[in-house]
Each structure stands twice: as C-alpha cells, then as structure tokens.
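Below is one structure, written out as structure tokens, with a few remarks after it.
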Amino acid sequence: AQTVTQSQPEMSVQEAETVTLSCTYDTSESDYYLFWYKQPPSRQMILVIRQEAYKQQNATENRFSVNFQKAAKSFSLKISDSQLGDAAMYFCAYRRTQGGSEKLVFGKGTKLTVNP
Amino acid sequence: DTGVSQNPRHKITKRGQNVTFRCDPISEHNRLYWYRQTLGQGPEFLTYFQNEAQLEKSRLLSDRFSAERPKGSFSTLEIQRTEQGDSAMYLCASGGGPHQPQHFGDGTRLSIL
C-alpha cells in the first residue's frame, strides 16, 4: 500500500522568508500524481500544486515550487516570500494514475506558522 | 462555479443515533469523493462515485456507513448507530475526470456526545 510521510509536524517562518516542507512517499508504481494541499484553520482544503511523476521538470505556481526527487521518493514544497496568509496546515498527497483507484493518500500534515 | 457545498457544517448527536450528511459537487464534475479527517491527521479516503456508480470503498467504511449518489449529482453519507469513534470532520470532494484534481468542500464536523 502507498504511504505518505511528513516528518515535520510544525514549521515556522518569518514573513518574506523562504520555507521548505518535506514529504516522502512509498510506492511501487512508476506513474502517479503528487499534490500539496493547504488547509487554513476552519476553512476548506485548497490545492496548492500538482506534480506528475513522469514529468522531470519540477512544478511551480507563483511563490510555490516543488523539489521532486523520484528515485528518492521525495516531494518537498518550497514557499518563497512567505506571507501571513500562508499560515495553514499543509498536506502532501499521492494518487495513482493507473488501476482505477482515484483515492488520495495523505500525510499527517505540517502546521506552518508565519511570524510577522 | 459555486464550489463544493456540504451540509450541515456541524452536527452534534448522541451516541447510537443516525446521522446523514449531504454533499453538492461542482456542477460539471462527474466524480465525487468522501474522506474522513480526525484531529491531527490527514484525510482518509472512504468512497468515491463516478456519476451514480459507487466504484471504490475503503475498509474504513464499515457496515454502519452507507453512501449514495442516486442521480449522479448530490451525494449523501449516512452513519447508523453512531459511536464515539465516528467523531471527525467528513470531507467531500469532486473532480471532473480521472486526471483532474479533487476540489474539497468545507466539511461537516460530527461530534458524538
């Protein structure tokens, strides 16, 4: 079974600084999707960024970028120029592309605090 | 696009009672997913529908849980004979296809007294 591990329960960053959140996963599949979702307190989960495993180029979305290391099964999220609104729980998630299953497998999350 | 809508936002009930939650997906999405999130954990998959067909169920979905999507639009998740361990946030998501991302609603928080 696929598993996703986020080893940092909590992280903090100063406003305008850069922070990196870690994620590792375990799978025997060769093709899959990886995601980072953001869940602000008492608000809905929002997709931050998505990576397809067959694409070697790391995905970027404005201030958010990933470092995808397929051989190491590592998928970290870098947030540049951190803003107060970035404070939230961040979840790393995995999904197969083949075999019919469309379920997302989530890690336990990292709580990000942004200090002014 | 009004997003995924879930009702109620909060449900408090006594142990042993039945509860039902509703999810209205984004209108053009044919896929609908249910997840459960307990405190300090990431969401865990429960089940998903493509149109009205329930295509996958987790082992977490015991026989006390049932989900339906009768007309391929909104879905309901019912829990019978609730137990303390059912206390959680129940999240619904919808998606437009097998390779499209899932969009989540605000969730229904269930508290069992």
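Just so we're on the same page: letters track the sequence lines, and every chain starts at 1.
If you take SG on B/C92 and CD on A/Q44, they are separated by 11.0 Å, rounding to the nearest 0.5 Å. Interatomic distance, OH of A/Y37 versus CD of B/Q102, reported as 5.5 Å (0.5 Å rounding).
Side-chain contact between B/Q41 and A/F106 is absent, with no heavy atoms from C-beta onward closer than 4.5 Å. With a 4.5 Å cut-off on side-chain heavy atoms, B/Y33 and A/L104 do not count as touching.
Contacts of A/L47 with chain B are made by side-chain atoms alone, with heavy-atom separations under 4.5 Å and no backbone atom involved. For B/L46, no part lies near chain A; criterion is any non-hydrogen pair under 4.5 Å. Heavy atoms closer than 4.5 Å to chain A are found in the side chain of B/R9, but not in its backbone. Contact of A/E52 with chain B is not made at all, since no heavy-atom distance falls under 4.5 Å.
When only modelled atom types and interatomic distance are considered, B/Q50 and A/E102 share no side-chain donor-acceptor pair under 3.5 Å.
Contact detail for B/F104 and A/M45: the closest heavy-atom pair is CB-O, 3.7 Å. Taking all atoms of both residues into account, the shortest heavy-atom contact from B/H99 to A/T97 is CE1-O, 4.0 Å.
Within a 6.0 Å radius of CD in B/E68, other residues, nucleotides and ligands contribute 12 heavy atoms or fewer. For CZ of B/R64, the number of neighbouring non-hydrogen atoms (other residues, nucleotides, ligands) closer than 6.0 Å is greater than 12. Within 6.0 Å of CG on B/L39 lie no more than 12 heavy atoms contributed by other residues, nucleotides or ligands.
Residues A/L112 and A/M89 do not share a hydrophobic cluster, clusters being chains of Ile/Leu/Val/Met/Phe/Trp/Tyr side chains in contact below 4.5 Å. Hydrophobic cluster membership is shared by B/M89 and B/F45, with clusters built from Ile, Leu, Val, Met, Phe, Trp and Tyr side chains linked at under 4.5 angstrom. No path of Ile, Leu, Val, Met, Phe, Trp and Tyr side chains, each step under 4.5 Å between heavy atoms, connects A/Y33 with A/V66, placing them in separate hydrophobic clusters. B/V4 and B/W34 fall into different hydrophobic clusters, where Ile, Leu, Val, Met, Phe, Trp and Tyr are joined by side-chain heavy atoms under 4.5 Å apart, directly or via other members. B/Y90 and B/L32 end up in the same hydrophobic cluster when Ile, Leu, Val, Met, Phe, Trp and Tyr side chains are linked at under 4.5 Å.
Between chain A and the options B/E44, B/Q6, B/R31, B/H103, heavy-atom pairs under 4.5 Å are most frequent for B/R31.
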